[in-house]
Amino acid sequence: MKSLWKKAISGLVVFGLLISVIGCGGGQNNNTTVQSGTSENKGISERKFKLSVGLTEDHPEGVGGKKFKEIVEKNSGGKFQVNVYFNNQLGDDKKVSDSLQSGTVELGIISTSPLTASVKEFGIFDLPFIFNNEKEADAVLDGTVGKTLLDKLPAHNLIGLGYWENGFRNLTNSKKPVATLEDFKGLKIRTIPNQVHLDVFKALGANPTPMPFSELFTAMESKTIDGQENPLTAIQSSKFYEVQSHLSLSKHLYTPFIFMASKKFWDKLNDQEKKILQDAVIEAGKFQRELNREETKKSLEYLKNKGMQVSEFSNEETKKIQEAVKPVIDKYSKELGEELVKKMFDEIQKVRGEK
Ligand code: TK8
């Protein structure tokens, strides 16, 4: 054991010496790429930037953020340094979006829902019961609809680099099992600050209160609200099971994450630098979506073990719920752009083999 350690340490020392003899400045913490980096990385300036992640470090959003950092630092030959801030440390989603617009934060991952304050069309992802599974969401997000929406961001000083996954949302509360439409009545539910979410929960008979995610745990702990809805992975990583005893597998809507850059920052980069970031968002994003899907399966067991009581809706109740929210879908399909909504349904039907 001991001699192995010695070998490893002396190997490191020799490697370190080699690096310093070769004399490549810059990426001290990226030994492998520094040597070949000198000519390839000529056009890359040394830059440091902040990446905001809403959820915790161990949530797939956080793990994906770290993956992004790793790829960017490697592919820039250590010239770029990404400092990742987790758990809404740089502010809630709306604040981060504002900071990206003003340029005080360079990169951020947020749910698409609060973005409707700038680009209302992102609200199409807030319509309930649109996607049946992740494959359908991928097709829409990575297809023309997703692209059309990203193209609307530069006019608002934002650059949309791609979609990651928050996931299918499920309801939790501290009062009672919720398994029927009737059960929603009067429940005080926190929603994302977004008009569609608010109207959906009103239509279900609940008493919705919009609130930033960062205030949610305390509001549930102090019983200011009864419940909330979020994907299973977030219910786990943000420890909502500590203050919520009931979980209903409602899967009522799918929330994408959007990875954005501040346009002020982006415009200072050359094409080579932009490509490094753009490619890393896609690569780390593929990893993040996969990870989120694997973790979602494990989360349900985890939450049960933590004592949450799980309810499911029968097909009949699901139909009733879908009927109740239909007027909201109809209203917002018109308001958000009928053509765009139609395109979204076309893409989904293609995946379903109906077109
Ligand atoms: C975290 C949020 C969160 C979202 C919400 O910053 O607000 O409920 O689902 O994941 O993006």
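Order of listing sets the numbers, starting from 1, for every ligand and every atom in it.
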Q. Looking at Phe201, Phe184, Phe131, which one forms a ring-ring contact (aromatic ring centres under 6.0 Å, His included) with His252?
A. Phe201

Q: Pull out every atom of ligand 1 sitting under 4.0 Å from any heavy atom of Gly54, numbered as shown with elements.
A: 6 (O)

Q | Subset of ligand 1 atoms that lie under 4.0 Å from at least one heavy atom of Asn88 | A | 6 (O)

**Q.** Heavy-atom gap Ile110 to ligand 1 smaller than 4.0 Å
**A.** no

Q) Is it true that Thr255 lies under 4.0 Å from ligand 1, counting heavy atoms only? A) no

Q. So, Asp199 versus Gln195: side-chain donor-acceptor pair below 3.5 Å or not?
A. yes

Q | Polar contact flag, side-chain donor to acceptor under 3.5 angstrom, Thr172-Glu229 | A | no

**Q.** Other residues, nucleotides, ligands: >12 heavy atoms within 6.0 Å of Lys286 NZ
**A.** no

Q. Can the ring centres of Phe49 and Phe265 be said to be less than 6.0 Å apart?
A. yes

Q) Taking the six-membered ring for Trp, are Tyr302 and Tyr241 ring centroids under 6.0 Å apart? A) yes

Protein residue, atom and distance nearest to [atom], heavy-atom basis:
atom	value
atom 2 (C) of ligand 1	Asp93 OD2, 3.4 Å
atom 3 (C) of ligand 1	Phe213 CD1, 3.7 Å
atom 4 (C) of ligand 1	Ser111 OG, 3.4 Å
atom 10 (O) of ligand 1	Asn166 ND2, 3.0 Å
atom 9 (O) of ligand 1	Asn230 OD1, 2.6 Å

Q: With atom 7 (O) of ligand 1 as the reference point, say which of His197, Glu61, Met211, Arg190 has the nearest heavy atom.
A: Arg190

Q) Is the Phe257 ring parallel, tilted or perpendicular to the His59 ring (thresholds 30°, 60°)? A) perpendicular

